[in-house]
Every structure is written in C-alpha cells, then in structure tokens.
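In this text the structure is predicted, and so the values were computed from the model without any measurement.
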Protein chains: 2
Amino acid sequence: MQYALYYWTGIQGRGEFVRLALEDAGADYIDMARVHGDAVMQPFLDGGSEGAQPFAPPFLKAGRQVIAQVAAILDFLGPTLDLVPQAASRRVQALQLQLTIADLVAEVHDTHHPIAASKYYEEQKTEAKARAASLRSERLPKFLGYFEQVLAANGGRHALREHSYVDLSLFQLLSGLDYMFPRRMQALAPTLPLLRALQERVAKRPNIAAYLASERRLPFNTNGIFRHYPELDAER
Amino acid sequence: MQYALYYWTGIQGRGEFVRLALEDAGADYIDMARVHGDAVMQPFLDGGSEGAQPFAPPFLKAGRQVIAQVAAILDFLGPTLDLVPQAASRRVQALQLQLTIADLVAEVHDTHHPIAASKYYEEQKTEAKARAASLRSERLPKFLGYFEQVLAANGGRHALREHSYVDLSLFQLLSGLDYMFPRRMQALAPTLPLLRALQERVAKRPNIAAYLASERRLPFNTNGIFRHYPELDAER
C-alpha cells in the first residue's frame, strides 16, 4: 500500500517520528505537503474530507482511513511494517512507551512556548528561560533515566527486546535534545550509556543511514519542536 | 478478571478517565492506593515489580500485565469492556480522539504549572494568569470546537457513532472544565450543544449515575488536574 503522510513543510517536527518508521521499513509513501504545499492539509483539518477529522498534523492516509496523532499512527503502522512485537501485550507496551516519549516532546514544545502556543518564542523568553531550567535539571533526568531503565530491563539493546518504532522514536528524541541542549546532553551522557548506544545503532541501520544522508532529512531548526537557543542550554 | 487500578489518592486526576470506564462497564476492580495507600505504587515506579515499568500513575494491573498511560489503558480495556467499536479502523480512531483529549488535559495541567511541574501554583501565578488567558480564549474554543465537529460528523450523539470510552472521557473533560472555568464554560456553552447534550446523557447512564452519587467519586479540588482558581477564569 502507498501511504500519504501529511505534515508541515520546512521542519522535522512531530511528523519525523512517523517518517522514521516509514523510512526504516522501506514503506512506499508520499510526503504530501512537500509535494503539493501545506494547503493540501486544510480540507482534512476542516473536516471536509473522507475519513476521520484530524485535530492537527501529522496525519496519515492509508487507503480510505485517516489517522492522526503520532502514537496512534505508529500503533496502526507497527504490525504492518513489522515495527512492533506481534503479541498484543507487547504492542500495548510499545504504545505506552511512545506516549511517554510524546509527553516529553510536549514539554519540549512548551519550553519554547510556556505562556501561549500562538505567541513567538521571542515574546515569552523570560518565562522560557525559567521553564528550560526546570526541563534541564528535573524533567530530562527523570524521563531519560526512565528510558535508560527500560532499556536495561529489556536486555539493554532495545526498548522492547527487539527492534520497534519505539527505538526509532528514542533515536529522534535524543537527536532532537542533542540539538536543543548540546551542553546539557553532554553532561547527562555518562548516565545514559544504553540510550546513547541505541541512538548510534539506529543511525547505522541501512535505511535510516540512507535517509539521514538524503535531502528528505531536513536539518533541525528553530521553527521545529526541538529548538536550539543557546541561552536556554546549561552553563558551560 | 479483577483489575487493579493504581492512582494517587485524594484527587480525580488522570486516573478518573480510567475509573469512569471501569465503572461504566461494571468491571471488577480495586482502587489500590485508596485501599493500601500511595506507597503501594512505588515498587512499580521503581521498576522492581513484574510487568512493564510505568513512568507515572495511573497504571493498571491486569493479570501479569502492567499498563500505564491513560490512552494505552483505555485502548487495552476497550474491547474487553465493550467500550470501543470492534472494527480495527474505529479502534484506532478512538485512540486518536483520546490522545487529543489527553493533549488538552496536558495543557490544562500546564496552565497551573507554566514554569515547572515541581513548583506550586502559588510560585508561578503571574505566568499562570497569562497562560490561562491563552487557554480560555484560543485553546478551549479550538479543542472543544473540534470535538463538537467530531460529534456532528458522527450523528450527533457519540464521538464514534456508538457509546465508547471516548464519550466517557469527553464527559470528564467537560466536567473538569466546568469546575475550572465556570464563567468561561458558560460563555462557550451555546457553541457546544452536542457536547453539552452528550455530557448530560453520560451522567445519566445508570452505572455512571450510581458512581457519581457514590463516595468513590471524589469532588474536584485544587490538587487535581482541573483546578478552580477564580483569578484564572474569565471576567464576568
């Protein structure tokens, strides 16, 4: 089946978690907005198209089905793309882990928008600085320490004892945080050996390595979810 | 099967979305922390118990399985409790809607904690006031307007053309927002006729009505997710 992925042009954003799964599996997909422009998403967001109405991008069209929300898309794609264990009990565990990744991603987003998603970062810089301090010192060690524990409990190499979309999302999470907080992430690295090794292994998977070297992989930038503002990173 | 629900005592919080599903279905469950105290959750959170490690409550124990994250728990319970349509395409749609509810709940939480989850509301009141203004004027109409559209597109009475856990969660979402922002929600009511009617119908479901009248239903309070601080509601 050919999938149609709908996500904003110009950024990796939340769409990247889906893109990495499609790329890793070698799935046939079209990145619709990159081909046709962002306006191609509007009829879906307005509720005027066939299939369930998405609240926001990313969403995926698979035949007549429309699925929004990263974790729901990955839960849907997992079995077909062989990116989740077959047992139902493991599939729900993958979903649980993905949702915890999504929670951290939401906190990352809000670090740049602590007051209002509709306002620019520059309009809420003071509050962003305070929130970034909390993210760096409290939330990152808590979340990343949790994922490190999950890897340890599952044999050390995977979040779910075998390759899955969760591993791909952990790769993206760490890569985004490396861009966002290079100093802080370097300081945390010694406490996260399993996550760091996983990140390197995922980057070397043939389809992922090819994707990362392609023009389809946009660089991180300060319009996306993970943003690098030096003033928000830790002191040297 | 007897389920064990683990969630903080003293508040409805995120656990209430799971509780409502268990109550509506008449499921056999024990609210573990209410019986044994909050400390009963710690071994799970430390990763020392059988089953997948949760990042945070709520989590559910079903036989040997441990499942965390509200949306994952409801996705798991849905088919067994007959609280989700049987078709896989509708089940993923339920998950997508539940995740959008979860997104708004996270924004509600952050309204009281715009700078740091670890700090008290009283330590971030100024920022909370600014964030609440954005939630009231921009985010609530956007999210609730979306759910109103979803109801309209599905026949008007349900989020998914038949009763599901999503309807129960929409009831809880509206009830929480009514407590949090009574003035703002009253002003929005005329734009949300289908959601308001759904909320009333859910409250009258026999098992839900019995639950709401029981001592098991804690009142909303300012320790939970939905908090009423008059200064954050709209002007009269």
Under the side-chain contact (heavy atoms from CB on, under 4.5 Å) test against B/Q69, which residue among A/V92, A/L95, A/T100, A/L97 passes?
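Among A/V92, A/L95, A/T100, A/L97, the one that satisfies the side-chain contact (heavy atoms from CB on, under 4.5 Å) with B/Q69 is A/T100.
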
Pair B/E138-A/S118, side-chain donor/acceptor within less than 3.5 Å:
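The answer is yes; a qualifying pair exists.
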
Gap between atom CD1 of A/I115 and atom CD1 of B/I115 - 0.5 Å precision
5.5 Å

Between CG on residue B/L99 and CZ on residue A/F55, distance to nearest 0.5 Å:
12.5 Å

Are the side chain of A/Q96 and the backbone N or O of B/V70 linked by a donor-acceptor pair below 3.5 Å?
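Answer holds: no.
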
Donor-acceptor pair, A/Y146 side chain versus B/A56 backbone, under 3.5 Å?
no

Assert top hit (heavy-atom pairs under 4.5 Å, partner chain A, pool B/P54, B/G47, B/A152) equals B/P54

Sort out for me which of B/A106, B/A71, B/A72, B/A153 touches chain A most, counting heavy-atom pairs under 4.5 Å.
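When all of B/A106, B/A71, B/A72, B/A153 are compared, B/A72 has the most.
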
Atom group of [X] that falls short of 4.5 Å from chain B, counting heavy atoms:
X      : value
A/K119 : neither
A/E127 : both
A/N154 : neither

[X] versus chain A, heavy atoms under 4.5 Å apart: side chain, backbone, both or neither?
X      : result
B/K129 : neither
B/F147 : neither
B/Q53  : both
B/A116 : both
B/A52  : both

Taking CD in A/E122 as the centre, count heavy atoms belonging to other residues, nucleotides or ligands within less than 6.0 Å. Is the count above 12?
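Above 12, so yes.
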
Residues which pass salt bridge (charged side-chain N to carboxylate O under 4.0 Å, His left out) with B/D110, listed by chain and number, not counting sequence neighbours:
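For B/D110 the salt bridge (charged side-chain N to carboxylate O under 4.0 Å, His left out) partners, ignoring immediate neighbours, are A/R131.
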
Most heavy-atom pairs under 4.5 angstrom with chain B, which of A/A62, A/A68, A/A130?
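Option with the top pair count is A/A68.
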
